[in-house]
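Heads up: the structure comes next, in structure tokens.
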Protein chains: 2
Amino acid sequence: MAKPTAKERILDSYEEILIEQGPGGVTLDAVAAHAGVSKGGLLYHFGSKEALVEGLMERLATLSEADLKEAQKAPEGVVSWYLRTAITDVTERKALHRTTMATLRIMLNEPRVSEVVQVYNQKVHDLISEHVDDSLTAELVILVGDGLYLRAALGRDDASPLLDRIDEIKARIAR
Amino acid sequence: MAKPTAKERILDSYEEILIEQGPGGVTLDAVAAHAGVSKGGLLYHFGSKEALVEGLMERLATLSEADLKEAQKAPEGVVSWYLRTAITDVTERKALHRTTMATLRIMLNEPRVSEVVQVYNQKVHDLISEHVDDSLTAELVILVGDGLYLRAALGRDDASPLLDRIDEIKARIAR
DNA sequence: GTCTATAGGACGATAGAC
DNA sequence: GTCTATCGTCCTATAGAC
């Protein structure tokens, strides 16, 4: 990781500032300074603030797709994988988690973001549905997973004790 | 509701702009214009942008407390109430929902906000715990509720079919 | 209690040199 | 591909009239 391209560094910096300071902290000056380029340099790679959002969404889509492939290969099964990674996300899916946390800061008011997130959510839903017996079970798995994720997003890492009880949770949820 | 005070109207407008346009859309000019007062008029009631956040948090605390009392009186029981209102929040807890949606826009990067939300979350947790038999059940009730709430926040109202299956959900979750 | 006017600063984006 | 310099806009907050 000695020399990521300037474009990558700029996107990294955009994520970082989004996470640390929120949308209000994102100025072209701040992102450029953090990435070690000038404002003009930044604007060569991303011609506007909107282009930064686009760049973040492309990264999110790429990482999400890779993550989905990972899920399908999981030896523990898709359901356990989904619940487990919702808890251990921070440590295990570092890049995706980071991009997701950055995305969360702008999600509610950027239509383009909602689209990308929705597409991925639907794919997860379909994948889970294929691996459980009825629709209510699928719903509950996803709801519990989302609840766990919300905790992580709000900075509460008190979900880790649940890690040892995933089988128990599955047993209760599944018909 | 003919004539709310100017202060209330300003807070209403602040919520509205936060929900519609996000933090970036909140300018003193925009809030003042929406509330039908001048910028000077706004600044008499709320001396700074930070004071608007404070005002929103006071409103959130007040509405949350009232909501919690409502929960304790619910004839259906606290658990069913919690799951049901997570689904029907938009229609039934209008004022609180609106304030919560506005709060969501600034939550992740305003420390003062996280505090208020955390306090209320803890009270809900304690209340649920009192009404179920074991801690895992309490966790699952809250996680499913949070998952449902996340859907509402993301604008997906596809949770309504679950409204008829609350008893079924409870039966699966509870030991 | 609400207004206008304005000071003073920060921001996004452009133009053009290297 | 990256830089400096700058323009025009928009913002928060203050001062003081009504």
Side-chain angles (χ1 to χ4, degrees), chain A residues 1-59 102-103 105-113, chain B residues 1-59 102-103 105-113:
Chain A
M1 75 185 237
K3 275 269 171 184
T5 65
K7 192 164 180 176
E8 288 298 311
R9 284 207 322 276
I10 291 168
L11 217 42
D12 289 343
S13 300
Y14 176 51
E15 284 186 356
E16 172 112 356
I17 295 173
L18 221 34
I19 292 169
E20 294 297 324
Q21 311 182 42
V26 175
T27 65
L28 299 187
D29 273 316
V31 175
H34 191 279
V37 298
S38 71
K39 208 193 308 198
L42 186 160
L43 285 165
Y44 170 78
H45 294 289
F46 298 95
S48 71
K49 230 175 163 181
E50 184 58 29
L52 279 172
V53 178
E54 277 302 315
L56 186 64
M57 287 309 95
E58 280 174 32
R59 178 179 275 189
T103 303
R105 315 292 156 139
I106 53 172
M107 181 148 48
L108 295 171
N109 292 98
E110 295 270 0
R112 175 87 182 82
V113 174
Chain B
M1 76 183 234
K3 276 270 170 183
T5 65
K7 193 163 179 176
E8 287 298 312
R9 286 207 320 277
I10 291 168
L11 218 41
D12 290 343
S13 300
Y14 176 51
E15 284 186 356
E16 173 110 358
I17 295 173
L18 222 34
I19 292 170
E20 294 296 324
Q21 310 182 40
V26 175
T27 66
L28 300 186
D29 272 317
V31 175
H34 191 278
V37 298
S38 72
K39 207 195 304 199
L42 186 160
L43 285 165
Y44 170 77
H45 293 289
F46 298 95
S48 71
K49 233 176 162 180
E50 184 58 29
L52 278 172
V53 178
E54 277 301 315
L56 186 65
M57 287 308 94
E58 281 173 32
R59 178 179 275 189
T103 303
R105 316 291 156 139
I106 53 173
M107 180 147 51
L108 295 170
N109 292 98
E110 295 269 0
R112 176 88 183 81
V113 174

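Fair warning: this is a prediction, and the values are worked out from it, not measured in the lab.
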Among [options], which nucleotide sits nearest the side chain of [X]?
{"X": "A:K49", "options": "C:dG12, D:dT2, D:dT12", "value": "C:dG12"}
{"X": "B:T27", "options": "C:dC11, C:dT2, D:dC11", "value": "D:dC11"}
{"X": "A:K39", "options": "C:dT2, C:dC3, C:dA13", "value": "C:dA13"}

Could you state the atom-to-atom distance from [atom1] of [X] to [atom2] of [N] in whole Å?
{"X": "A:K7", "N": "D:dT2", "atom1": "NZ", "atom2": "P", "answer": "11 Å"}
{"X": "B:L42", "N": "D:dA13", "atom1": "CG", "atom2": "C1'", "answer": "12 Å"}
{"X": "A:I10", "N": "C:dG12", "atom1": "CD1", "atom2": "C1'", "answer": "15 Å"}
{"X": "A:F46", "N": "D:dT2", "atom1": "CZ", "atom2": "P", "answer": "12 Å"}
{"X": "A:I17", "N": "C:dC11", "atom1": "CD1", "atom2": "C1'", "answer": "14 Å"}
{"X": "B:L28", "N": "D:dT14", "atom1": "CG", "atom2": "C1'", "answer": "12 Å"}

Query raised in the report: Which part of the nucleic acid, if any, lies within contact of A:V26, taking any heavy atom under 4.0 Å across all strands shown: a base, the sugar-phosphate backbone alone, or nothing?
Result: sugar-phosphate
Report task. Could you check whether B:L43 gets within reach of a base, just the sugar-phosphate, or nothing at all, counting any heavy atom under 4.0 Å? Result ->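 Since a base atom lies under 4.0 Å of B:L43, the category is base.
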**Report entry** Short side-chain N/O contact to D:dG1 OP1/OP2 from A:Y44, under 4.0 Å
**Finding:** yes
Report summary line: On DNA chain C, more 5' by nearest nucleotide between A:G40 and A:D29 is A:D29
Query raised in the report: Between A:R59 and A:E8, is there a salt bridge with N-O shorter than 4.0 Å?
Result: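 Looking at A:E8 and A:R59, the cut-off is met.
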Query raised in the report: Counting N and O atoms only, with roles assigned by atom type, does the side chain of B:R112 sit under 3.5 Å from a partner on the main chain of B:E54, one being a donor and the other an acceptor?
Result: no
Query - Heavy-atom donor-acceptor pair, A:R105 side chain to A:P23 backbone, under 3.5 Å - result: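 Such a contact is absent between A:R105 side chain and A:P23 backbone.
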Requested in this report: State, yes or no, whether a side-chain contact exists between A:H34 and A:Y14 at a heavy-atom distance under 4.5 Å.
Outcome: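 A side-chain contact under 4.5 Å is absent here.
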Query raised in the report: Just how far is it from atom CG of B:L18 to atom CD of B:E20, taken to the nearest 0.5 Å?
Result: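 Going from the CG atom of B:L18 to the CD atom of B:E20 covers 10.5 Å.
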**Report entry** First of A:S38 and B:G47 reached from the 5' end of DNA chain D, by closest nucleotide
**Finding:**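 Looking at DNA chain D, the more 5' nearest nucleotide goes with A:S38.
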